[in-house]
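Structure first, then comments.
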Amino acid sequence: KAGVTQTPRYLIKTRGQQVTLSCSPISGHRSVSWYQQTPGQGLQFLFEYFSETQRNKGNFPGRFSGRQFSNSRSEMNVSTLELGDSALYLCASSLNSGQTYEQYFGPGTRLTVT
Amino acid sequence: DQQVKQNSPSLSVQEGRISILNCDYTNSMFDYFLWYKKYPAEGPTFLISISSIKDKNEDGRFTVFLNKSAKHLSLHIVPSQPGDSAVYFCAAMWGNTPLVFGKGTRLSVIA
């Protein structure tokens, strides 16, 4: 069974631009969560999607948004990029919503904002 | 306000000895605790977990201890191996809430 895949793996953007990251969950998994990892803050929860609906949202500004498609693939978008958005963005999938204890993580997308 | 704290950013241990990684939490609602291991260029992988109704859970070389009164948990790795060198994250949750992670502890096991 293939694991969680994230594309692209690395990305360099400049301030003010926007970016879209993609996540394909494990086959059969319907819940996708997104996390931001920075050296200073560790892993912070962004949002969770289940059956194309946002179920939970972390404490991030509205510039961070996401969506989920009918095949459970998910995208997250960050608009008007700031230097502080440089981070590793991790996606995790689980069978159902609320099963955060059975999440499987992808390798992440390393975003650098210059 | 950091609800899950890993106060040691790094830890070095000799191969064959015990590694003890510590984690403190402030939210008394947390009822499930997990440890994840992360290698560079990979996502975190689940290692071991413990429910708040237990005080110990063991899986091979890995044991997690929970002290609810002190709001403290620890991960023991015995014996430590060079392949255990990674960043270890403590995480907590309650109900259907999202996982709350600590900032991680980098473990280096020296051969």
Side-chain angles (χ1 to χ4, degrees), chain A residues 2-10 21 23-26 29-50 53-60 64 66 87-110, chain B residues 1-10 21-27 29-54 57 59 64 66 73 86-107:
Chain A
V4 178
T5 57
Q6 292 187 246
T7 56
R9 292 294 309 277
Y10 302 92
L21 312 181
C23 171
S24 292
I26 291 172
H29 284 196
R30 296 162 63 195
S31 170
V32 173
S33 297
W34 288 89
Y35 295 84
Q36 180 195 65
Q37 184 190 358
T38 58
Q41 297 298 323
L43 273 84
Q44 291 187 289
F45 173 76
L46 280 155
F47 27 65
E48 181 203 2
Y49 285 88
F50 178 78
T53 303
Q54 188 179 87
R55 286 295 181 95
N56 275 303
K57 190 176 190 308
N59 192 24
F60 277 81
F64 291 81
L88 180 67
Y89 289 88
L90 292 158
C91 158
S93 75
S94 58
L95 266 173
N96 291 303
S97 179
Q99 289 185 323
T100 51
Y101 54 91
E102 289 188 5
Q103 285 185 334
Y104 296 83
F105 283 84
T109 294
R110 171 75 60 188
Chain B
D1 174 34
Q2 214 184 332
Q3 298 183 68
V4 177
K5 299 177 188 177
Q6 293 178 257
N7 292 319
S8 299
S10 63
L21 295 95
N22 294 304
C23 178
D24 296 296
Y25 61 96
T26 58
N27 189 341
M29 296 293 291
F30 287 143
D31 61 6
Y32 201 77
F33 304 88
L34 306 89
W35 284 93
Y36 282 83
K37 179 167 73 172
K38 186 180 184 300
Y39 293 118
E42 295 182 13
T45 55
F46 169 75
L47 195 56
I48 192 168
S49 64
I50 188 167
S51 163
S52 61
I53 62 173
K54 294 186 173 182
N57 189 25
D59 184 2
V64 57
L66 175 62
L73 63 155
V87 177
Y88 289 78
F89 290 97
C90 168
M93 61 178 286
W94 63 275
N96 289 335
T97 61
L99 285 172
V100 178
F101 283 87
K103 294 186 180 181
T105 296
R106 182 177 302 279
L107 173 65

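Throughout, protein chains are lettered first and strands after them, A, B, ... in sequence-line order, and every chain is numbered starting at 1.
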Please classify the contact between [X] and chain B as side chain, backbone, both or neither, with a heavy-atom cut-off of under 4.5 Å.
| X | value |
| --- | --- |
| A/L43 | both |
| A/Q37 | side chain |
| A/R9 | side chain |

Flag yes if more than 12 heavy atoms outside B/K54 fall under 6.0 Å of its NZ atom; otherwise flag no. no
Quick check: does any side chain N or O of B/Q2 sit under 3.5 Å from a backbone N or O of B/V4, one acting as donor and the other as acceptor? yes
Under 3.5 Å, side chain of B/D31 to main-chain N/O of B/S52, donor-acceptor pair present? no
Please name all residues satisfying ring-ring contact (aromatic ring centres under 6.0 Å, His included) with B/Y39, sequence neighbours left out, ordered by chain then number. none
Flag the one option from B/P9, B/G104, B/A41 with the top tally of heavy-atom pairs under 4.5 Å to chain A. B/A41
If we define contacts as heavy-atom pairs under 4.5 Å, which of B/A91, B/G102, B/S49, B/G43 has the most with chain A? B/G43
Name all residues meeting the side-chain hydrogen bond (donor to acceptor under 3.5 Å, both in side chains) criterion together with B/E42; count only those two or more places apart in sequence or in a different chain, and write none if there are none. none
